[in-house]
Chemist: 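Provided herewith is a single structure, encoded as structure tokens, for subsequent inquiry.
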Amino acid sequence: MPQNNARDNTTDEGASLVDSRTAAWRLLTTLGLVALGNSSMYVVSVVLPAVQAEFGVGRGAASLPYTLMMVSLGLGGIFTGRLADRHGIAPVLTMGAAAVCAGYLWAALSPSIWSFGLAHALLGFLGGAATFAPLMADTTLWWAKRRGMAVAVCASGNYLAGAVWPPLAQWGITHYGWRPTYMVLGLVCGVGMTLLALRMRQPPPALNAAAAAPVAGRASPSDRPFGLPPAQAQWWLCVAGVACCVAMAMPQVHIVAYCTDLGYGAVRGAEMLSVMLLCGIVSRLVSGWICDHIGGIRTLLLGSALQGLALLLFLPFNGLVPLYVISGLFGLFQGGIVPSYAIIVREHFSPREAGARVGAVIMATMLGMALGGWMSGFIFDQTGSYRAAFLNGIAWNLLNVSIASWLYWRTRTGGGATARWRAG
């Protein structure tokens with residue numbers, strides 16, 4: 001058979017599986033796993049008013065389950081990532097399915113806000129974590145030329161969860177209550193993840209030198225990313241990750257409660273959250289395409305600047321129709337921010353360290369989401385308004401823009417000479 005046809009007949013090993021039809025089917029399965037495993041990240045926002053009323057706590061205390069879940073999700077990403085490196089992704093996903101089912105059931109039977117919060121910590125640490133950072137790392141091992149787009153599709157499962165589950169959960173809460181709704185979610189997501197995990201048993205292909213070689217137009221890894229010692233460059237990326245996601249969490253976590261306070265009701269808030277995250281799917285796909293053309297750091301800078309603009313729009317406009325529009329814009333602007341960090345690490349750091357460094361930066365973004373969710377609720381309790389919480393998010397977003405601008409400036413002035421972009 002002619003050598004040119006070798007790529008058309010993918011085998012079980014070697015670079016022939018990279019960018020192949022097998023990789024595409026695996027990516028589709030990954031999308032479903034992320035959508036199921038990360039459902040609790042958005043359902044907890046919908047249930048926040050009902051939980052606050054039932055347990056008789058303040059808005060800040062009612063936001064703690066989200067905070068615990070996001071912190072656990074970040075820490076669990078490192079833990080589940082290491083397990084996947086040792087034992088493969090399929091056993092980790094099966095464990096995650098069991099944790100998602102158990103976490104939802106535990107939360108449904110919780111007698112207090114603290115028990116409810118600990119249940120969400122389990123949902124994050126072993127449930128959601130198994131279907132986020134490890135799957136993003138697994139995706140990078142199956143794609144080369146379209147790695148940015150593939151990682152974006154994988155990460156879009158997170159926003160697919162945000163588009164699908166909030167309105168379904170709100171319908172269940174309205175008709176049956178939040179506890180029965182949580183029980184059904186646990187069974188549906190747990191069983192679904194278990195079935196999909198069976199399709200992930202094939203190990204990633206061994207990337208040969210040709211597949212691992214830099215693609216034209218991509219930044220090259222360096223021993224001094226951005227002209228900095230690797231540890232220092234990593235630290236700045238982690239700070240940027242915290243800052244952008246503190247800002248990102250404000251609308252995502254509190255839009256339902258915000259609409260309730262304005263008198264529009266929780267149903268409208270859940271619809272806005274769904275619109276926001278559905279637009280986030282479009283954003284992640286477009287940002288993946290942009291990443292493949294201009295690189296991770298410039299994609300991060302673009303997304304962060306636009307996210308800040310959307311946050312500013314929440315201040316003068318609080319009508320029902322404007323809030324729908326701004327929620328959609330916010331989703332369109334910020335969806336590609338988190339996936340861009342994975343691409344930045346692959347472009348600027350040694351490939352041998354990519355897995356651990358991606359996990360660390362993703363953990364920082366989860367910490368930012370956790371801090372932002374709690375901080376916004378705390379500020380509301382202190383001021384009785386979300387205006388100060390929006391201003392707080394804008395300030396953190398400015399910090400992210402500043403760091404991204406500085407890192408990009410270093411790539412343009414010789415600080416990151418080895419990571420400059422090559423024409424064509």
Chemist: List the residues meeting ring pair (Phe, Tyr, Trp, His ring centres under 6.0 Å) with W171, not counting sequence neighbours, and say none if there are none.
Modeler: H175, Y176

Chemist: Is the shortest heavy-atom distance from the side chain of V100 to the side chain of T131 under 4.5 Å?
Modeler: no

Chemist: Got a sec, which residues hit salt bridge (charged side-chain N to carboxylate O under 4.0 Å, His left out) with R387, two or more places apart in sequence or on another chain?
Modeler: none

Chemist: Are any of the side-chain heavy atoms of L262 and L323 separated by less than 4.5 Å?
Modeler: yes

Chemist: Okay, side chain of R268, backbone of Y264: is any donor-acceptor separation there less than 3.5 Å?
Modeler: no

Chemist: Under the ring pair (Phe, Tyr, Trp, His ring centres under 6.0 Å) rule, what do H254 and Y386 come out as? Steps first, then yes or no, please.
Modeler: CA-CA 9 Å; H254 290 273; Y386 274 120; 5.3 Å; yes

Chemist: Report yes or no: does W165 contribute a side-chain atom to a donor-acceptor pair with the main-chain N or O of A35 at less than 3.5 Å?
Modeler: yes

Chemist: To the nearest 0.5 angstrom, please state how far the CG atom of L196 sits from the CG atom of L28.
Modeler: 9.0 Å

Chemist: With sequence neighbours excluded, what pairs up with Y341 under the ring pair (Phe, Tyr, Trp, His ring centres under 6.0 Å) test?
Modeler: none

Chemist: Check whether any side-chain heavy atom of T365 sits under 4.5 Å from a side-chain heavy atom of M248, and report yes or no.
Modeler: no

Chemist: Looking at side-chain heavy atoms only, is the closest gap between V47 and V256 below 4.5 Å?
Modeler: no

Chemist: Parallel, tilted or perpendicular: which one describes the rings of W374 and F378, with boundaries at 30° and 60°?
Modeler: parallel

Chemist: Less than 4.5 Å apart, side chain to side chain, heavy atoms only: is that true for L122 and S72?
Modeler: no

Chemist: With rounding to the nearest 0.5 Å, note down the distance linking CD1 in I294 to OG1 in T299.
Modeler: 4.0 Å

Chemist: Does anything in residues 319-333 form a side chain to side chain donor-acceptor pair (under 3.5 Å)? List the pairs, not counting sequence neighbours.
Modeler: E271-Y324

Chemist: Are Y104 and M183 side-chain neighbours, meaning at least one heavy-atom pair lies under 4.5 Å?
Modeler: no

Chemist: By the side chain to side chain donor-acceptor pair (under 3.5 Å) test, which pairs, at least two apart or in different chains, include something from residues 309-321?
Modeler: none

Chemist: Would you call the rings of H348 and F226 parallel, tilted or perpendicular, taking 30° and 60° as the class edges?
Modeler: parallel

Chemist: If we check side chain to side chain contact (heavy atoms under 4.5 Å, CB included) with I281, which of these qualifies: L31, V286, L160, L332?
Modeler: L160

Chemist: Look at the aromatic rings of F79 and F125 and report parallel, tilted or perpendicular, splitting at 30° and 60°.
Modeler: parallel

Chemist: In the structure I gave you, are the side-chain heavy atoms of W396 and V242 within less than 4.5 Å of one another anywhere?
Modeler: yes

Chemist: Applying ring pair (Phe, Tyr, Trp, His ring centres under 6.0 Å), name anything that partners F390, two or more places apart in sequence or on another chain.
Modeler: Y258, F314

Chemist: Distance from I89 atom CD1 to L33 atom CG, nearest 0.5 Å?
Modeler: 8.5 Å

Chemist: Taking the side chain as every heavy atom from C-beta outward, state whether L68 and H120 have any pair of such atoms under 4.5 Å apart.
Modeler: no

Chemist: Do S376 and N392 have a side chain donor and acceptor closer than 3.5 Å?
Modeler: no

